[in-house]
Amino acid sequence: MDDRAPRQDGRKRGGARRPGTPRRRGVRLGRVLGIPVYLSASWLILAVLIVIVYSDTVRASLPALPEGLVYVVAFSFVVTLCLSVFLHELGHALTSRHYGIGVRGITLEMLGGYTEMEEEAPRPGVEAKVALAGPAVSLVLGGIGVALVIMLPGGNLGHELAFQFAVSNIIVAVFNALPGLPLDGGRALRALVWSVRGDKHVATRVAGYTGRIVAALTLLAGVWLFYASGASSIVSLLFTGMVAMVLWAGAGQAIRVGEVGGRIHLLTVADLIRPVTSVPTGTPLSEALRRAEETAAMGVLVVDSSDRPVALMHGHAARQVPLDRRPWVTVDAVSRDLEPGAALGPEMRGEQIINAIRARPSTEYVVMSEGEVRGVVVAADIARVLDPRTIRRPYPTSDNGAPS
């Protein structure tokens with residue numbers, strides 16, 4: 001399933017989530033072993049689909065069961081599957097913590113679940129162990145379920161519940177072990193390629209492309225079952241199609257992440273630094289923007305009465321101020337205080353820059369050396385280096401409508 005770390009590589013339904021703003025997880029169910037657990041609203045869609053599809057199986061296996069209870073037993077399969085996914089994700093979470101990787105939470109959703117981690121695995125071996133921990137837990141639980149199915153006599157409710165437990169865990173184990181991102185098997189494949197090639201970004205692209213193959217084969221399997229064997233209903237076909245689309249999207253995101261990651265080494269503060277202009281505290285925003293435009297500066301530094309830098313204008317906040325309000329709003333209202341240790345150094349490059357902006361997301365970053373401000377680095381410039389297709393305007397327009 002999904003083990004998301006702070007973001008630079010995107011989503012992974014078996015993969016990782018990288019940082020910025022926290023995603024909306026859903027309803028919080030509580031904490032297990034100190035780990036917050038959430039249930040996404042999309043889970044309700046899964047519940048309806050499974051009850052519709054599985055109710056016929058319940059009628060066939062328990063013909064004496066009253067019609068009302070048929071849907072109760074079918075819904076129990078939803079609950080069992082949800083529990084199976086949770087235990088699968090708990091396997092990821094506990095393995096991550098064992099290797100010193102913090103876990104922000106587990107979220108259960110329509111097409112599985114994900115574990116959000118605070119950072120990436122530091123080595124291929126750790127990546128593989130975290131990725132395979134989930135399928136291993138599911139496989140063990142599936143084996144226990146199979147043993148219960150064999151031991152319990154058929155045709156009764158106990159046998160049916162044991163069957164549900166076995167099937168749900170085996171499905172979760174087998175499907176997530178498929179070798180393509182964003183599945184767990186894709187993470188294991190990425191770890192293997194990473195260990196062989198020594199390049200995590202190349203490995204991510206390889207696992208992303210295999211993920212697209214898995215997505216295509218998943219869709220073809222659903223179509224084949226529907227047309228060739230008659231073992232699939234239209235609801236099952238639609239559900240398979242949704243799974244294939246999510247896998248395709250996740251694989252595509254992994255490919256993009258690999259491409260972006262392969263360009264991180266191109267980042268240097270020396271190449272990114274842009275000029276900055278200074279304005280006294282209390283200056284109207286319109287005047288600050290006019291000065292920035294006049295001097296072709298890409299940053300506005302706020303200084304106190306002793307000409308000491310105290311804050312840096314936040315471009316995103318400035319953009320939110322309407323043109324007619326800018327003469328009445330001071331630049332201080334849309335600025336961020338300069339925090340000790342928050343500045344970029346002119347010698348920084350690559351991962352150092354990425355780690356710094358992850359710690360303090362913003363639209364621009366002051367560059368300081370020996371206590372003096374040398375300029376600013378604009379987040380949009382970083383994005384353009386990592387992805388040349390990115391086009392962003394880091395600053396608002398000035399009062400006369402010209403770009404600042």
Hey, is the main chain of Leu132 close enough, under 3.5 Å, to the side chain of Asp184 for a donor-acceptor pair? no

Please find the pair of heavy atoms, one from Met117 and one from Ser96, that lie closest to each other, and give the distance. SD-OG, 2.9 Å

Are Glu259 and Arg205 ion-paired here, with the side-chain N under 4.0 Å from a carboxylate O? no

Does Arg308 offer a backbone N or O that forms a donor-acceptor pair with the side chain of Ser306 under 3.5 Å? no

Please give me the minimum heavy-atom distance between Ala288 and Val331, naming the atom from each residue. CB-CG2, 4.0 Å

Enter the distance from Ser76:OG to Leu81:CG here, rounded to the nearest 0.5 Å. 11.0 Å

Between Arg291 and Glu293, does any side-chain N to carboxylate O distance fall below 4.0 Å? no

Arg326 bridged to Glu287 by N-O distance under 4.0 Å: no

To the nearest 0.5 Å, what is the distance between CD on Glu364 and CG on Leu344? 11.5 Å

Distance-only polar pair, side chains of His88 and Asn169, donor-acceptor under 3.5 Å: no

Would you say Asp304 and Thr281 are linked by a side-chain donor-acceptor pair, where the criterion is simply a distance under 3.5 Å? no

Scan side-chain atoms only and decide if Glu116 and Thr107 contain a donor-acceptor pair under the 3.5 Å cut-off. no

Taking NZ, NE, NH1 and NH2 as the nitrogens, is one of them in Arg123 or Glu127 under 4.0 Å from a carboxylate oxygen of the other? no

Going by atom types alone, do Asp271 and Thr268 pair a side-chain donor with an acceptor below 3.5 Å? yes

Please round to the nearest 0.5 Å and tell me the distance separating atom CG of Leu181 and atom CG of Leu189. 7.5 Å

